Amino acid sequence: MHELGITQNIVAIVSEHAQGAKVQRVVLEIGQLSAILPDAIEFCFDVCTQGTVLVGAILEIREIPGLARCRECGAEIHLNKPFGVCSCGSVQLDLITGEELKIKEIEIE
Amino acid sequence: MCVTCGCSDDAESTITNLQTGEVEHKHHDHTHTLPDGTIITHSHNHDTQHEASQVHAKIHNTTISLEQDILAKNNLIAAQNRGWFKGRNILALNLMSSPGSGKTTLLTRTIHDLKHQLPINVIEGDQETANDAQKIRETGCNVVQINTGTGCHLEASMIDRGLQQLNPPLNSVVMIENVGNLVCPALFDLGEQAKVVILSVTEGEDKPIKYPHMFRASDILILTKIDLLPYVQFDVQKCIDYALQVNPQIQIFQVSATTSVGLESWYAWLSARVANFSISVSV
């Protein structure tokens, strides 16, 4: 379950930036093509924050939809999986958004 | 979802109580979809707490914008590993597959066949046991076992520690055999020069579209156990089409490590990659 390790990373990074202050809210950006399940992050978050300055903090997850540009015709295509076919028939797609895995902001007391 | 431990679920999961017949649908109490398609979900049900904290943050200006990549630390260590390999002219490959695809058999065969041409050392990743490492050790090469315990993938820091133990010689090849799992290892850069996904014909031709992240991340697909094709239902062409749909750049080899069919092309790729790597380092 890679989400567990990733949530531990989130807690470590946020704790470092909070510098001892109590954290009230954590905002994440997770791309829908990133192979990270927001549900699993939420589940792990409650466990991983125990005994840290993040305990009780609200977790807000912004899921960023997948968007790609076709290398052949330049069209932009919405994707819900990390591959697809352009209306021109090409499968040569460059992902623009959807792979994000980021701590956007935190709120501290 | 993690194929190793089968944990987690998707947002559409339901729980059915067979005693009462009650079906509970999982849903988020606080989900909003913005005009651009971004979905925002809040954890907990602390509506008032949430609003209060936002107001508090506005008054006291305590929101810290981080914009920090969660995998940044892993990626930094991976970059250091990559530099370490490059400085020693070592080609490192990250071998990934589901459990039982024949990674270890292919690896021992490759080491055996190439040991007079290419010095190969191995970092072996498994949740438990050193069984595979022992099989590889029997070929005479150096091998370090990393047991991840509950972890379902190798991370760059584990490779960093493993390399200190392995101490591979200059101008050699390091094969990193990842934990058997078609999901999680795809996310973690180890500092390798290429990712190799191994799929056996006993697993089903639709794996590339079922586990697209793995096949998209990989440079090479090695289709193994092709000697079993007469006995299993596996459409090779369909598998190749799926793999190329997910990753048009992926290079595909079809091999059998037991009959040695197709191994020459894999060995030729490996030798060429070593040669190219040496040239690029020396320039």
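Remember, it's a predicted structure, so these values are computed and weren't measured experimentally. Each chain gets a letter, A, B and so on, in the order the sequences are listed, and its residues count up from 1. What's counted below: heavy atoms across the whole structure, side chains too, no hydrogens, waters or symmetry copies.
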Report which part of A/Pro38 has an atom under 4.5 Å of a heavy atom belonging to chain B: side chain, backbone, both, or neither.
neither
Which bit of A/Val27 is near chain B, if near means a heavy-atom gap under 4.5 Å: side chain, backbone, both or neither?
neither
A/Phe45 backbone acceptor or donor facing A/Thr49 side chain under 3.5 Å
yes
Mark yes or no for whether A/Arg69, through its side chain, and A/Ala75, through its backbone, hold a donor-acceptor pair below 3.5 Å.
no
Between the side chains of [X] and [Y], is a donor N or O closer than 3.5 angstrom to an acceptor N or O?
X        : Y        : value
B/Glu203 : B/Ser98  : yes
B/Asp241 : B/Gln237 : yes
B/Glu177 : B/Thr104 : yes

Could you check which of [options] has the highest count of heavy-atom pairs closer than 4.5 Å to chain B?
options                   : answer
A/Lys81, A/His17, A/His78 : A/His17
A/Leu67, A/Leu28, A/Leu33 : A/Leu33
A/Pro82, A/Ala12, A/Ala21 : A/Pro82

Check whether more than 12 heavy atoms from other residues, nucleotides or ligands sit under 6.0 Å from atom NZ of B/Lys210, and answer yes or no.
no
A/Glu76 atom CD: more than 12 heavy-atom contacts under 6.0 Å:
yes
A/Arg62/A/Glu29 salt bridge by N-O under 4.0 Å criterion:
no
Is the shortest side-chain N to carboxylate O distance from B/Asp189 to B/Arg82 below 4.0 Å?
yes
With a 4.5 angstrom heavy-atom cut-off, could you sort out which part of B/Leu244 is near chain A: side chain, backbone, both or neither?
backbone
Under a 4.5 Å heavy-atom cut-off, does chain A meet the side chain of B/Leu187, its backbone, both or neither?
side chain
In terms of heavy-atom pairs under 4.5 Å with chain A, the winner among B/Leu71, B/Asn247, B/Asp69, B/Val246 is B/Val246
What class does the angle between the rings of B/His153 and B/Phe188 fall in, given that below 30° is parallel, 30 to 60° is tilted and above 60° is perpendicular?
parallel
In residues 87-101 of chain A, which residues are in contact with chain B at a heavy-atom separation under 4.5 Å?
A/Val91, A/Gln92, A/Leu93, A/Leu95, A/Leu101
